[in-house]
Visitor: 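I'd like to ask some things about the structure below.
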Amino acid sequence: VQLQASGGGLVQAGGSLRLSCAASGRIFSSAVVGWFRQAPGKEREFVAAIRWGSGVRYYADSVRGRFTISRSSAENVAYLQMNSLNSDDAAVYYCATGSEYGTTPKAYKKWGQGTLVTVSS
């Protein structure tokens with residue numbers, strides 16, 4: 001399965017964006033799809049994840065209440081709705097899939113290319 005992230009762009013502080021992560025094939029119900037982000041000079045950090053089969057969601061404290069992860073099982077697409085964006089959210093966002101939930105990049109085996117989110121003040 002190949003992953004393709006899209007939807008990044010330039011947004012004003014306080015604005016919203018929706019990222020998409022499209023899989024080239026079926027995502028199995030046992031899989032977990034996660035979103036990570038990486039700002040310049042910083043390590044890649046966990047943002048959110050969803051268990052594909054059950055839909056159980058996980059969030060980093062920094063985005064809880066502002067971001068929502070969701071999925072379309074029929075279309076094999078995961079989404080990240082991002083609201084109330086601020087400068088700390090500016091980063092390259094990556095989606096990834098793995099067989100186990102985790103908040104570190106090593107828990108995920110397949111990665112998409114990143115999509116850049118820029119937040120202007």
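Keep in mind that this is a model prediction, so the values were computed, not measured.
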Visitor: Go through Leu80 and Thr68 one step at a time and tell me if the side-chain contact (heavy atoms from CB on, under 4.5 Å) criterion holds.
Guide: CA-CA 6 Å; Leu80 185 68; Thr68 301; over 6 Å; no
Visitor: Where do Gly102 and Ala107 come nearest, in terms of heavy atoms and distance?
Guide: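 Looking at all heavy atoms of both residues, the shortest contact is CA-CB, 3.9 Å.
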Visitor: Which pairs with one or both residues in residues 74-121 pass disulfide (SG to SG under 2.5 Å), sequence neighbours excluded?
Guide: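 Residue pairs with at least one partner in residues 74-121: Cys21-Cys95.
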Visitor: Can you tell me how far apart CZ (Arg51) and OG (Ser29) are? Round to the nearest 0.5 Å.
Guide: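 Interatomic distance, Arg51 CZ to Ser29 OG, rounded to 0.5 Å: 11.5 Å.
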Visitor: Would you confirm whether Arg44, through its side chain, and Arg37, through its main-chain N or O, come within 3.5 Å as a donor-acceptor pair?
Guide: no
Visitor: Count the heavy atoms of every other residue, nucleotide or ligand shown that sit under 6.0 Å from CD of Gln113, and state whether that count exceeds 12.
Guide: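 Atom CD in Gln113 is crowded, with more than 12 foreign heavy atoms closer than 6.0 Å.
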Visitor: Does the side chain of Tyr93 reach to within under 4.5 Å of the side chain of Val47, using non-hydrogen atoms?
Guide: yes
Visitor: Do side-chain atoms of Asn86 reach the backbone of Ala13 as a donor and acceptor pair under 3.5 angstrom?
Guide: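 Not confirmed, Asn86 side chain does not pair with Ala13 backbone.
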Visitor: What I'd like to find out is whether the side chain of Thr115 reaches to under 4.5 Å of the side chain of Leu19, using heavy atoms alone.
Guide: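 Thr115 reaches Leu19 side chain to side chain.
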Visitor: Is there a path of hydrophobic side-chain contacts, each under 4.5 Å between heavy atoms of I, L, V, M, F, W or Y residues, that connects Tyr108 with Ile27?
Guide: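 Result: no, two separate clusters.
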Visitor: If we only count heavy atoms from C-beta on, is the Trp52 to Ser73 side-chain gap below 4.5 Å?
Guide: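 Side chain of Trp52 against side chain of Ser73, heavy atoms only: contact under 4.5 Å found.
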Visitor: Scan for salt bridge (charged side-chain N to carboxylate O under 4.0 Å, His left out) pairs involving residues 61-81, sequence neighbours excluded, and state none if there are none.
Guide: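 Only Asp61-Arg64, Arg66-Asp89 qualify under salt bridge (charged side-chain N to carboxylate O under 4.0 Å, His left out).
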Visitor: Any non-hydrogen side-chain atom of Val117 less than 4.5 Å from a side-chain atom of Met82?
Guide: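 Yes, at least one pair of side-chain atoms sits under 4.5 Å.
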Visitor: Does some side-chain heavy atom of Leu3 sit less than 4.5 Å from a side-chain heavy atom of Thr97?
Guide: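 Thr97 vs Leu3: side chains touch.
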Visitor: Which residue pairs satisfy the ring-ring contact (aromatic ring centres under 6.0 Å, His included) criterion with at least one member in residues 54-90, sequence neighbours excluded?
Guide: Tyr58-Tyr101
Visitor: How would you list, by chain and number, every residue that makes a side chain to side chain contact (heavy atoms under 4.5 Å, CB included) with Ser99, sequence neighbours excluded?
Guide: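 Testing Ser99 for side chain to side chain contact (heavy atoms under 4.5 Å, CB included), a comparison that skips the adjacent residues, returns none.
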Visitor: Where is the tightest heavy-atom contact between Ser16 and Ser84, given as atom of each residue plus distance?
Guide: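 Closest approach of Ser16 to Ser84, heavy atoms only: OG-N, 4.3 Å.
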Visitor: Of the non-hydrogen atoms in Val119 and Ser87, which two are nearest, and what is the gap between them?
Guide: CG1-N, 4.0 Å
Visitor: Could you tell me whether the side chain of Ser24 and the main chain of Gln2 form a donor-acceptor pair under 3.5 Å?
Guide: yes
Visitor: How far apart are the C-alpha atoms of Tyr94 and Gln38, what are their side-chain angles, what is the distance that settles it, and do they pass the side-chain contact (heavy atoms from CB on, under 4.5 Å) test?
Guide: CA-CA 8 Å; Tyr94 299 89; Gln38 189 166 19; 4.2 Å; yes
Visitor: What closest approach, in Å, do Leu17 and Leu85 show between heavy atoms, and which atom pair accounts for it?
Guide: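 Heavy atoms only, the tightest pair is N-CD1, 3.9 Å.
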Visitor: Applying side chain to side chain donor-acceptor pair (under 3.5 Å), can you list everything that pairs with Gln81, at least two apart in sequence or on another chain?
Guide: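 Applying side chain to side chain donor-acceptor pair (under 3.5 Å) to Gln81 gives Asn83.
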Visitor: Check side chain to side chain contact (heavy atoms under 4.5 Å, CB included) between Ala60 and all other residues, then give those that pass, not counting sequence neighbours.
Guide: Phe46, Ser62, Val63
Visitor: Run the numbers on Leu10 and Ser120 for side-chain contact (heavy atoms from CB on, under 4.5 Å), then give the verdict.
Guide: CA-CA 7 Å; Leu10 174 64; Ser120 65; 4.1 Å; yes
